[in-house]
Amino acid sequence: MDTLSYLFQLVLALVLAPLVPGIINRVKAKFAGRRGKPVLQLYYDIAKLVRKGEVVSDTATWVFTAGPVVSMVTAVLALTLLPLGGMASPFGFNGDFILCAYLLGMGRFATVLAALDTGSPFEGMGASREALFGAIGEPVLFLSFLALVSTAMSMGIPSTEVSLSSLFCGFSPMAWVMGRPEIMLLVAAMGVLLLVENCRIPVDDPNTHLELTMIHEVMVLDHSGPSLAFILYGASVKLWIFSALLAGLLLPSMSVWAYTLSMLAAVFGVAVLVGIIESVMARLRMPVVPALIGLAGAVASFVLILTLVR
Amino acid sequence: MYSLFQFVILLLLISDLVVLWSGRILMLIRLSALQGMLLAALLLLPINGHLDGEHIFLACAVFALKGIGFPVFLRRVSHKLGIEPMVRVRLGRFFPLLAGLACLAFSMLLENRIAEALGLFPHMLLPVALTTLFTGLIVVVNCAKALTQVIGYLVAENGIFILGIPLMTEGSMWFELSILLDVFAAIFVMAIAINHINSAFSSIDLAHFRNLRD
Amino acid sequence: MMLILLLFVPVVAGIVMFIPGSWPRRQLLPAVGMLHTLLSGMTLNAVRTGKAPSALGGLLQPDALGVIFLMLASLLFLAASFYAVGYLREEDKLHVKRDFNGGRPFTNAPETRFLACLCFFIAAMTLVTTTPNLGALWVGIELTTLSSAPLIYFHRHQASMEATWKYLMICSVGIALALLGNILMNVAFFHTNADLHGMDQVSAFIAAAKEVQGTDNTIWLKAAFIFLLVGYGTKMGLAPMHTWLPDAHSQAPSLEAALSSGALLNCAFLGILRGHQIMIAGGLGDFSGGLLIFFGLLSMATAAVFIVGQGDYKRLLAYSSVEHVGILALSIGIGGTALFGGMLHSVCHSLTKGMLFLVAGNILTRYHSLSSYDVRGLREDMPLSGALWTAGFLAIVGSPPFGLFVSEFTILKGIFASGRIFVALGYLAALATIFVGMSVPVLRMVQGRPPRDVPKSYSESLYTVLPPAVLCLMVLGLGFCVPDWLADTLNRAAALLGA
Amino acid sequence: MNIFLLALLLMAAGAVATGIIAIRPVTAASNRTANALGPGTAALACLLGLIGVFSGGWTSIESFQTAWGLPFGALAFGLDPLSRLFLLPVFVLGLSCALAGSISLRHTDPEEHNLGAHWAFYLILLLGMTCVMTARDGIFFMLSWELMSLSPFFLIDFNDRDRNVQDASWVYLVAAHLGAVFLIAFFAMLWQQNGTTLFAAMTVEAPAHATLLFLCAFIGFGAKAGLAPLHVWLPEAHPAAPSHVSALLSGAMLNAGLYGIIRSFDLLGPMQEHPAWWGWLLVGVGIVTALMGILKALGQSHLKRLLAYSSVENMGLMVMAAGVGLVGVQNGIAWIAALGFSGCLFHMLNHSAFKGLLFLCAGEVLHSTGTVDMTKLGGLQKRMPMLGMLFALGAASIACLPPFNGFAGEFVISLSLVKGLYLHGLEQKIAMLVTLVGLMLVSGISAFVYLKAYGMTFLGQPRSQFAEAPHAPENRLLLPLCLPAALCVVGGLGAKFVFQMIQPTIAFIPVMPKSLLGIAQDVVISGTSSLLGNISLFGIFGILLVAGAAYLRRILLGRKEVKRGPTWGCGYQYGTPRIQYTPASFVEPAARIFGNVIGTETKPQIDESYFPQKSSFGVSAPDVVRGKFYTPLFEKILDACNALKVFQSGVVNTYILYIIVTLIALLFWGVA
């Protein structure tokens with residue numbers, strides 16, 4: 001029953017994922033005083049793209065085609081490790097957060113290779129930046145996880161059961177908030193990671209088509225048709241993953257349906273928040289981004305040390 | 001007998017000091033001849049009184065080789081090669097003399113400390129022997145010409161010989177003799193070498209010998 | 001009879017060389033070498049099995065220590081004698097020779113004299129290694145100086161003249177001091193044995209030394225040892241008395257250098273060892289041992305300083321001899337397990353160094369330059385000599401699987417056993433530095449493209465390659481296996497030194 | 001055991017046979033013979049060796065001892081789980097490198113190269129490695145160690161006409177020897193203290209001077225493993241050597257250093273009694289080495305040098321993991337101990353597989369294009385698809401990406417570090433977690449590095465004519481490369497089984513106290529292997545999903561044509577391959593961040609006039625340790641030695657003065 005119910009949550013997440021970018025765009029449009037695209041725009045886009053043919057560069061090889069596929073699959077696989085709707089993932093296991101991080105890494109790896117495969121200077125540029133931010137983002141993500149692990153273990157979760165599920169919905173997060181206010185700082189750190197990993201402003205600007213400023217969008221310039229659809233979909237799943245992690249940190253435990261609803265609310269809330277941030281902030285200069293990631297890392301390690309000292 | 005022995009020893013000492021001061025090659029050769037003769041005399045003045053045939057034989061050999069053989073030979077070499085008569089020194093003449101005197105003082109101290117108790121060496125023999133040895137070595141170090149080095153070597157050997165005299169017995173005679181012959185051969189080979197040096201460098205000044213170094 | 005033959009075969013051969021006329025003198029040399037080696041082997045066997053061969057009224061009475069060095073000298077002489085045939089043939093081909101330092105043309109010394117002196121040289125070394133008599137030992141060592149001086153001056157050019165003179169002068173002075181050491185030794189025992197007859201025998205000295213133990217006379221014993229150490233140390237090449245060695249070995253014809261480095265240094269060392277034996281008997285083993293350790297380390301350090309940045313490959317080998325002489329002294333000074341290691345080291349070092357000098361001779365014949373910068377691409381240009389040169393390098397720096405590794409390792413263990421950690425540190429540091437220092441010129445010579453200005457058609461003569469190759473194989477073998485008879489002899493020798 | 005000894009004999013016989021070919025004049029025919037005989041024997045011996053390793057049971061302990069010619073030591077072999085495990089890479093890589101080498105050397109010019117010598121030393125290297133891993137006697141170990149250390153010199157030296165190769169081989173030789181000096185001291189001290197050189201007799205008690213011994217062993221073995229700051233020989237030697245040799249050195253010989261460290265734990269007595277900083281030293285040096293190695297690799301544009309630095313990184317990780325295990329032992333925590341050592345050994349096996357594969361691939365690149373300078377390469381994936389696929393596989397494995405073997409190893413190491421939270425004392429916990437974060441940084445950057453390595457070499461368009469028309473190797477010639485490639489996949493998808501295969505070794509390592517061992521076997525192993533099973537399942541599932549998605553794409557495309565066209569140039573019409581990103585520009589953002597830490601040099605040459613003519617940009621990462629420490633040190637020593645040479649002034653009078661001064665000084669000291 002639990003598994004079925006989890007599968008339902010999973011399907012819900014997979015179906016609703018393209019909604020998140022829609023919400024963000026809508027919020028941004030409102031801030032700019034425009035009417036904006038429909039919230040379901042991404043669904044339309046994907047539906048249109050899968051019906052189209054593809055144009056592939058002369059230079060490209062199978063690596064180019066594999067990129068979107070792998071990045072989408074890894075995002076979906078990573079999602080299955082997450083606790084959804086207040087339920088532990090049946091696929092989770094001790095240490096699965098390591099696998100989760102590396103799955104996302106694999107997706108990035110494939111995307112970057114696909115970008116390099118075209119031989120385009122612009123895509124090379126994006127690839128270079130993505131690779132770097134991925135490389136330095138990974139330890140920060142781990143620092144955040146570790147802070148949670150350390151807290152969890154000090155609160156009695158045995159080390160053989162440290163998984164994403166136990167960390168993000170194992171017990172009442174309110175208890176964390178009451179007993180461990182420093183956890184709230186982690187929310188900030190993971191928020192930064194969300195922006196970085198999903199290439200949002202202030203790290204990246206998904207909207208402009210001035211290639212010199214972009215990271216993710218520029219890498220996928222050459223993709224078209226179903227491949228592009230895979231990419232768009234994969235990106236939205238990834239956004240969902242990070243939003244769900246944040247939500248898992250924040251939400252208190254409650255009944256499944258209540259949790260499901262509040263989780264959806266939280267995910268969309270995060271989307272709104274991202275939309276607001278994108279609207280009120282300018283993109284950072286490229287050399288400043290690592291400093292931002294470093295800042296997030298500093299916050300996370302501060303939290304880690306706090307939890308250890310207790 | 002004993003005072004005669006002391007006299008000869010004293011003469012040897014004086015000859016050492018003159019060797020250190022002398023500036024002429026011919027003079028050095030003569031001094032080495034003198035020392036050779038004095039050595040022969042020392043052999044003939046045995047300390048413990050009795051004089052056997054072997055001592056006399058050895059004395060003759062020493063006289064012939066060190067007193068006459070070497071000096072004549074060296075003189076011939078220096079004549080043949082037309083070597084300029086003055087010694088070329090590297091450290092000056094005062095310093096070596098000082099070193100020689102210091103050596104004398106040190107060895108006398110040494111004699112006072114340890115040698116007298118032994119009862120083997122007559123008075124002054126050890127200091128003079130050591131002084132002669134070091135005189136020879138100082139000459140070797142101080143003089144820049146091949147020939148003077150040979151003379152220095154000869155003088156140093158004399159010093160060692162002096163030290164060996166009290167230890168001479170019948171059994172060791174043959175060794176003394178072979179040592180003597182060895183020295184003779186050494187001088188001979190060195191002289192040949194000097195000859196070659198002269199033909200190769202048209203000088204026997206060792207200042208030319210700076211090719212082999214690091 | 002065996003001993004007498006051992007001594008007089010080379011003497012007679014040397015004299016025979018002077019018989020005028022053009023007869024195959026060169027070919028006589030290998031014959032002498034083989035005969036001498038055979039006799040040495042017999043002597044070694046006799047000593048090993050406990051017989052004490054004696055001749056000339058006890059003048060020749062080899063013990064285990066001497067017989068090892070005798071065997072080494074003999075083997076190297078054999079190798080050198082074969083090598084000489086090829087070497088002299090090569091020398092004949094060149095009519096006008098240039099000084100290696102770019103000087104005037106020169107001629108070689110008469111071959112007759114060269115060959116005769118070689119014979120006298122080995123004869124003198126035979127005397128040194130077989131006699132138990134300190135006086136005769138001294139005479140023998142002086143004779144080695146005199147007989148090898150003409151060998152060094154085989155190539156009659158200025159540099160070799162200079163080297164010869166330095167050799168002659170410095171060694172003569174040194175040996176004179178050793179003579180004084182002999183005399184002082186007698187002085188030290190003056191009281192204990194009023195009858196000085198036959199006193200110069202080492203065994204008599206050792207017996208007397210036991211009586212002297214603890215008396216005032218030990219001060220004479222100490223002085224005597226100091227003179228022996230400085231005197232024979234000069235000849236042996238202990239720093240800082242080693243100064244003649246690089247000059248002489250770099251200028252001498254390579255086979256002389258091989259004999260000098262491999263055998264002569266051992267002979268001089270024997271003089272010091274005799275002194276050490278007496279000192280141990282006199283209860284002064286720590287004094288002499290300490291001095292040996294000090295000079296051993298000093299020699300190794302000095303060698304390291306001069307090997308690093310050395311451009312002249314024969315000087316390199318000469319300094320390496322200084323190093324190994326230092327290791328020998330060190331090992332004897334340490335005592336215990338290191339003694340066996342030291343004796344093994346002397347065997348391995350002699351064979352290796354002999355081989356290296358012979359190969360260096362091949363290289364010199366081909367390139368006419370002593371500078372390692374002028375020699376390139378040996379591996380390609382002279383495949384056999386190049387391979388031997390590389391192997392020799394690895395052997396001499398103590399890499400397995402060559403014998404020197406085993407000996408150096410044993411010595412190190414001995415040092416640790418004696419508890420001298422800092423000596424071990426210095427020893428290892430010097431070895432490492434020397435390895436680095438030597439590797440540079442050696443690799444410079446072996447690697448790369450052969451220079452264009454040497455004639456292409458060149459084939460290595462069997463006479464000049466086989467002797468070093470055989471020596472190399474022996475060292476290689478010693479790295480895997482020390483045969484029982486050798487280990488036995490080495491142990492006997494170590495026992496003489498108090499192991 | 002007998003089969004194993006037979007393999008050893010075969011190697012020795014092969015070495016002698018090729019050696020005999022080597023000393024005869026080199027002709028094309030002799031080279032051909034050697035090139036058939038050498039690799040053939042090597043391959044056969046490796047196969048025999050593999051059989052020998054597996055025969056007699058994986059967990060059994062066998063030994064063989066006989067006296068030999070030397071008056072001390074003994075010819076003592078032993079096969080135990082530790083040796084067996086370390087022998088696997090030796091034989092597997094020995095096999096595939098021999099075959100790959102034979103293929104790549106088949107057209108060698110007999111004027112320049114003597115293949116007899118090459119294969120003789122290759123076999124000696126194999127023999128040396130095998131003996132090192134099985135020696136049970138100190139002296140025999142040292143002998144084998146030196147055989148193993150010296151023979152690569154002659155292999156690296158293969159193209160010795162090249163100035164760089166000469167330098168590299170020299171650096172290798174010096175490093176190998178200096179490392180060996182410490183080991184010689186180590187074994188001599190052990191010998192002195194135990195009175196025997198047999199390992200079996202040494203294990204009983206903690207020796208005196210244990211710390212000194214440990215440091216000697218750590219430095220000596222660490223130099224071989226390439227731990228910073230002793231790693232400098234590695235990035236010189238690997239690029240210089242022929243690629244099959246680099247592969248063998250990197251994949252098998254470096255392990256000997258690790259093996260030595262673990263084996264020396266045996267000889268130093270019970271680890272719990274030793275100071276806790278031993279373990280932390282390993283951890284610290286390991287992680288610093290790893291970080292330094294990977295950051296250096298980032299700056300390289302020479303493919304093989306990049307791989308070499310990456311080897312430094314991986315050896316650092318292994319030593320770090322071993323240190324974690326040691327810390328676990330010293331703190332008495334079975335989880336950390338067992339997982340640390342397992343992670344170390346697991347990663348060792350994995351590293352051998354993917355590094356061997358990558359070096360062999362680099363060799364093929366070199367062979368077909370004539371260069372491994374990535375600034376000149378590009379577009380090879382299209383021209384050599386099979387090779388590209390193999391390289392991509394290796395790159396993904398070494399970047400620790402699931403589902404390949406690199407991830408499985410890294411997972412075990414990470415788990416052991418996470419368990420660091422159980423350590424006593426805040427500083428230990430923090431140290432462990434800092435290490436974990438370091439590890440993550442390393443793996444993040446290593447992904448970056450291999451993106452660059454694969455992307456710049458194989459993807460995009462050729463950057464020079466070198467890469468335009470490579471002599472693509474026929475696919476069947478790539479067969480030897482498939483062995484390590486298959487192992488990369490097997491190690492990932494069958495991680496559980498590999499992990500279980502390692503366990504007897506963990507149980508065998510005597511540093512593990514018996515008390516810990518029980519817990520380790522019950523909980524840790526079963527728990528961890530089921531986790532690894534999960535990961536493999538995920539991997540398989542992922543692969544299926546990828547296949548499914550790819551199929552979906554195909555269905556979606558249906559009969560619609562896939563148009564080919566030029567890469568979208570963003571409106572710029574006249575792009576040539578030269579406007580592509582280069583290795584330098586790819587790492588430029590990273591070089592900006594890490595440049596100060598690691599000494600990366602960026603060389604922007606921007607023409608700032610109004611009408612700029614030519615600008616250039618380069619990133620290089622010269623080895624700081626070498627450039628700022630070793631080279632000046634060696635130069636200082638050289639200068640000092642040259643200055644001291646005035647003592648040999650050439651003046652004979654001075655020389656005699658030395659004698660007199662010595663004499664007088666001694667007399668004063670000794671007599672007066």
Handout entry: Contact class of C/S172 relative to chain B, heavy atoms under 4.5 angstrom
Key = both

Practice task
Would you give the length of the straight line joining atom CE of B/M190 to atom OG1 of C/T164, rounded to the nearest 0.5 angstrom?
Solution key: 12.5 Å

Practice task
Write down the atom of B/G164, the atom of C/I183, and the distance for their closest heavy-atom approach.
Solution key: CA-CD1, 3.8 Å

Handout entry: Contact summary for B/A193 and C/M161, nearest pair of heavy atoms
Key = O-CE, 3.6 Å

Exercise for the section: Grab the two heavy atoms, one from C/V173 and one from B/Y153, that are nearest each other, plus how far apart they are. Expected result: N-CE1, 4.0 Å

Fill in the blank from the handout: d(B/L133 CG, C/L177 CG) to nearest 0.5 Å is 6.0 Å

Handout entry: C/Y167 versus chain B, the contacting section by heavy-atom distance below 4.5 Å
Key = neither

Handout entry: Which atoms of B/V140 approach chain C - backbone, side chain, both or neither, heavy atom under 4.5 Å
Key = side chain

Completion exercise
Nearest heavy-atom contact between C/L146 and B/A186 is CD2-CA, 3.5 Å

Problem - Contact winner vs chain B - C/L180, C/T145, C/L143, heavy-atom pairs under 4.5 Å - result: C/L180

Handout entry: Toward chain C, the part of B/A146 with a non-hydrogen atom under 4.5 Å
Key = both

Problem - Atom of C/R156, atom of B/H196 and distance for their closest heavy-atom approach - result: NH2-CE1, 4.1 Å

Practice task
For the pair B/L163 and C/L184, evaluate side-chain contact (heavy atoms from CB on, under 4.5 Å) and give the outcome as yes or no after the intermediate values.
Solution key: CA-CA 8 Å; B/L163 208 59; C/L184 288 179; 4.1 Å; yes

Handout entry: Distance in Å, B/L110 CG paired with C/I219 CD1, rounded so as to fall on 0.5 Å steps
Key = 7.5 Å

Problem - Proximal component of B/A185, with respect to chain C [non-hydrogen, under 4.5 Å] - result: both

Practice task
Answer with side chain, backbone, both or neither: which region of B/Q149 has an atom nearer than 4.5 Å to a non-hydrogen atom of chain C?
Solution key: both

Exercise for the section: Select one option (side chain, backbone, both, neither) describing which atoms of C/I175 are under 4.5 Å from chain B's heavy atoms. Expected result: neither

